[in-house]
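Only one structure is covered here, and it is reproduced in the block below.
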Amino acid sequence: MGEQEQQAGWSFETRAIHEGQPPDPTTGAVVVPISLSTTFAQEAVGEHRGYEYSRSGNPTRTALETCVASLESARHGLAFASGLAAEDNVLRLVRPGRRVLLGNDAYGGTFRLISKVWGPLGVAHTAVDLTDVDALAADWPDDTDMVWLETPTNPLLSCIDIERVAEVAHTHGALVVVDNTFATPYLQQPITLGADIVVHSATKYLGGHSDVVGGFLAVDDDSIAERLRFTQNAAGAVPSPFDCYLVLRGVKTLAVRMDRHCQNARAVVDLLVGHPKVDRVLYPQLPDHPGHAAAARQMRDFGGMVSFTVRGGEAAARAVAAATEVFTLAESLGAVESLIEHPGAMTHASAAGSPLEVPADLVRLSVGLEHADDLVADLEQALEHG
Ligand code: P1T
């Protein structure tokens, strides 16, 4: 499933709405039906219309897999029950006794999965600075099977040169995995830059409305896709048809949402830069941001995530995070409503004491789609009173 012919020539916005989603042949319904059937009738033993059992393949999931694969410029798409379930399937490609090189800034749950779940099963890991690819190339661990990177990273918004990492990794026979959750395929397509596997927490921008947990893998290579398709079915961490429908509905508006997320993020950044209570603003569009050049090269725009450090340390950061009214204090990101959080105590608490520990004075914003003036005014009052 998910390998249906893709429409050549359509632009991103058109594919987001139509790819893998033709009107239903029996009724003409323009929305992909939520196919709840767990099993599918066979005309004779082994003779069926492409579906046997819903864990192995489901028509609503096929529509989602076909659509998002196309948006990622990949030939294969695989949907999962969560971002971490998708990641877990990717990590099954690493052989026991071999190593994952992981960027030293990444979602805390990814680090927890690699270190605490796969570590005891024999998969080694090293956290490395992927912004310095030359240093990495000069000191490449021979037992590396996989390089795992986010760009922009969660939560420091570092940007990694995907093309350069892929070049070095591939000379050493390692797979390159890019978590594209923050950028989305609208802003960045890692497969076209040499990545082997793209990972998503579909819970974020793909779903876009804070009402579904999901994961996604996009892959171009047939044999890697086949191995992942095998574990998707064999381990069974698949999403429900209803969840597939929700992500598919979110994806239809991805392009317009991302444009506004970026626009609103810029308004917020304008307030934060130079604000007396703010120390550093981390946003890839800023010319002094260390990842600016890589982001400008490989991204269409700079995204809806903004992080900053607060003068006054951890207490001040926690106070600001608790003082907003439009921004909701909550984990997660990438939806219509703006969120604020303290990564050190919330999303990245599991990285405490590790090379991925985040600064205690850091605040992370997921800038949503409310009016920019209201977002700016809210942050202004929170910085004043927090
Ligand atoms: O939550 P889940 O759908 O399982 O996805 C995990 C995940 C993977 N990759 C990135 C870059 C992520 O940010 C996440 C989840 N992150 C949060 C919940 C958060 O608030 O950062």
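The residues of the chain are indexed from 1 along the displayed sequence. Atoms within a ligand are numbered from 1 in the order they appear, just like the ligands themselves.
- Taking a 6.0 Å sphere around CD of Glu226, one finds it holds 12 or fewer heavy atoms contributed by other residues, nucleotides or ligands.
- Proximity of Val199 to ligand 1, defined as any heavy-atom pair under 4.0 Å, is not found for any part of the residue.
- Scanning the protein heavy atoms around atom 13 (O) of ligand 1, the nearest turns out to be Asn154 ND2, 3.0 Å.
- Note on ligand 1: His348 sits outside its first shell, no heavy atom being nearer than 4.0 Å.
- In terms of polar-atom proximity, defined here as any N/O pair under 3.5 Å, Gly83 does make such a contact with ligand 1.
- A salt bridge is defined here as a Lys NZ or Arg NE, NH1 or NH2 lying under 4.0 Å from an Asp or Glu carboxylate O, and Asp221 with Arg227 fails to meet this definition.
- Counting protein heavy atoms only, atom 17 (C) of ligand 1 is closest to Tyr107 CE1, 3.4 Å.
- Interface atoms of ligand 1 facing Glu87, defined by a heavy-atom separation under 4.0 Å, are 8 (C), 9 (N).
- Residue contacts with ligand 1, taken as heavy atom pairs separated by less than 4.0 Å, do not involve Glu341 at all.
- Look at Gly214 and you'll find a heavy atom under 4.0 Å from some atom of ligand 1.
- Close N/O approach between Thr203 and ligand 1 is found [any backbone or side-chain N/O within under 3.5 Å].
- Linking Ile, Leu, Val, Met, Phe, Trp and Tyr residues whenever their side-chain heavy atoms come within less than 4.5 Å places Leu254 and Leu333 in a single cluster.
- Taking the six-membered ring for Trp and thresholds of 30 and 60 degrees, His125 and Phe111 have ring planes more than 60 degrees apart, a perpendicular arrangement.
- Listed by number with element, the atoms of ligand 1 under 4.0 Å from a non-hydrogen atom of Asp179 are 8 (C), 9 (N), 10 (C), 11 (C).
- Remark: aromatic rings of Tyr205 and His200 are distant, center separation not under 6.0 Å.
- Between Leu84 and ligand 1, at least one N/O pair is under 3.5 Å apart.
- Under the 4.0 angstrom criterion for non-hydrogen atoms, Ser332 is in contact with ligand 1.
- Close N/O approach between Arg364 and ligand 1 is found [any backbone or side-chain N/O within under 3.5 Å].
- In this pair, Phe40 and Tyr51 present their aromatic rings tilted. The plane angle is within the 30 to 60° band.
- Interface atoms of ligand 1 facing Lys204, defined by a heavy-atom separation under 4.0 Å, are 1 (O), 5 (O), 14 (C), 15 (C), 16 (N), 17 (C), 18 (C).
- Between Phe12 and Tyr186, the distance from one ring center to the other falls under 6.0 angstrom.
- A salt bridge does not link Asp145 to Arg99: none of the charged nitrogens lies less than 4.0 Å from a carboxylate oxygen.
- At a threshold of 4.0 Å, the pair Glu19-Lys252 does not count as salt-bridged, since none of the basic side-chain nitrogens sits closer than that to a carboxylate oxygen.
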